[in-house]
J.: 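Shown below is the structure under consideration.
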Amino acid sequence: MKGFTSKIVHSDRQDGIEHGAVHKPVHDSVAFGYDDAEELAAVFQGVHSGYTYGRQVNPTVTALENKITAMEQGIATVCFGTGMAAIGTTMFALLRDGDHVVSSAFLFGNTTSLFNSFAQQGFGVSFVDATNVDNVAAALTPNTRMVFVETIANPRTQIADLQKIGELCKQRGLIYVVDNTITSPYLFQPVSVGASLVINSLTKYISGHGNVLGGAVTELGLFDWSAFPNIYDNYKGGESARWGITQIRKKGLRDFGAALSAQSAHDISKGAETLALRMDRQCANAQALAEFLRQQSDGVDAVYYPGLEQHPQQQRCRELFKSPGAILSFELSPQRDIWRFLNALKVVIKSTNLGDNRTLAIPVAQTIYHEVGAVVRKEMGIADTLIRISLGIEDIADLIEDFSQAFAQS
Ligand SMILES: *Cc1c(COP(=O)(O)O)cnc(C)c1O
């Protein structure tokens with residue numbers, strides 16, 4: 001089976017399921033018992049595979065991990081309770097005091113907040129404009145161990161120089177982490193640009209229904225961990241391509257405990273079956289709404305969407321991604337009242353979050369970028385009138401009608 005959706009909907013059965021079930025059932029047992037104590041010890045020591053305790057392993061979660069590994073064409077995945085837990089735990093497990101990270105400056109706001117906290121704990125993070133590899137190269141120091149980027153940044157939709165950063169990381173032996181949340185493995189697989197590890201917030205497109213939290217890190221098998229100084233001797237058994245992900249599970253997940261529950265894994269798996277169907281519709285809706293907004297010359301000052309010709313990385317988007325995604329943002333003209341405009345929307349929900357089946361709108365400067373202050377907002381190019389839209393799967397005519405009447409009323 002080669003097709004993206006065929007693989008997802010049949011992945012549980014490939015590993016054999018109890019009673020011939022077609023879904024992996026929800027296993028809610030925390031611990032797993034063994035008739036033979038020596039077998040229990042062999043599983044603990046990693047000599048045999050198996051289940052011990054739910055903070056690190058659970059059969060329902062494993063089934064989801066295998067599904068994500070297949071979607072990303074990787075070699076192993078570890079799931080977490082949220083996307084932030086996946087990012088934080090990965091970095092804690094792999095980095096040490098004195099290490100340095102180069103990160104895109106255009107990041108999900110909570111990731112920026114996390115990296116600023118890390119900077120207080122012993123490892124430095126330099127933020128650069130990663131739409132050009134030269135800025136990444138210029139920020140490297142002898143202590144740099146990792147480069148971290150997102151694919152399409154929210155809210156302004158900048159696209160990182162993914163291919164060239166991959167080449168740079170390979171040359172310098174750096175861990176290359178790509179947060180693939182906004183594109184999802186349906187639109188883009190970071191293995192194609194030489195990434196080492198892929199982060200996905202499962203809360204967004206992969207689950208898709210806005211009713212479950214989860215995160216994942218996937219090892220793509222391209223990084224040589226035998227040359228990386230921070231792997232503990234305990235995790236150096238077997239192929240060196242797996243040492244990093246083993247340390248993330250055995251040290252990171254065990255120590256920090258941000259495990260995904262079996263019920264959440266089940267809900268995410270169910271949502272993931274329709275990832276391609278939902279995203280095709282959401283991306284088509286985003287393209288249509290972006291073009292509609294571009295035509296509102298007396299209501300809209302700028303539209304940011306990589307599917308528009310005016311977007312500075314439109315060519316890169318075409319080369320790398322199946323489609324330009326389902327997030328866009330736009331600046332309302334100053335003569336319009338942002339609150340009156342938003343409050344006039346009837347179909348579109350005023351809410352944070354991304355990747356829901358429902359279309360969501362949020363005023364950026366006053367909410368998700370409020371805490372960082374005006375100076376940072378200016379550096380990030382976030383105007384007071386910027387509105388971010390996460391497109392859902394509604395019928396496009398209803399969305400256009402909703403926006404039209406909101407413009408008429410503001
Ligand atoms: C939402 C998001 C996260 C964090 O995921 P949570 O599941 O909300 O913790 C990380 N990165 C990106 C790009 C996101 O959009």
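Values in this document were obtained by computation on a predicted structure and should not be read as measured data. Each ligand, and each atom within it, is numbered from 1 in the order the structure gives.
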J.: Report the residues that fulfil side chain to side chain donor-acceptor pair (under 3.5 Å) with D129, sequence neighbours left out, ordered by chain and then residue number.
T.: T131
J.: Can you produce the list of protein nitrogen or oxygen atoms under 3.5 Å from a nitrogen or oxygen of ligand 1, alongside each distance?
T.:
from, atom 1, to, atom 2, distance (Å)
ligand 1, 5 (O), S201, OG, 3.0
ligand 1, 7 (O), G83, N, 2.8
ligand 1, 7 (O), S201, OG, 2.9
ligand 1, 7 (O), T203, OG1, 2.6
ligand 1, 9 (O), G83, N, 3.1
ligand 1, 9 (O), M84, N, 2.9
ligand 1, 11 (N), D179, OD2, 2.7
ligand 1, 15 (O), K204, NZ, 2.8

J.: Could you pull out all residues at least two apart from L213 that satisfy side chain to side chain contact (heavy atoms under 4.5 Å, CB included)?
T.: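 Only T82, T203 meet the side chain to side chain contact (heavy atoms under 4.5 Å, CB included) criterion with L213.
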J.: Please tabulate, one pair per line, all N/O donor-acceptor pairs under 3.5 Å involving side-chain atoms of residues 298-307, not counting sequence neighbours.
T.:
from, atom 1, to, atom 2, distance (Å)
D301, OD1, S333, OG, 3.1
Y304, OH, E331, OE2, 2.6
Y305, OH, G325, O, 2.7

J.: Compute whether any side-chain donor of one residue and acceptor of the other, for E18 and H27, lie under 3.5 angstrom apart.
T.: yes
J.: Taking atom types as modelled and ignoring hydrogens, do the side chains of N200 and Y205 form a donor-acceptor contact shorter than 3.5 angstrom?
T.: no
J.: Report yes if some heavy atom in the side chain of L391 is under 4.5 Å from a heavy atom in the side chain of L289; otherwise report no.
T.: yes
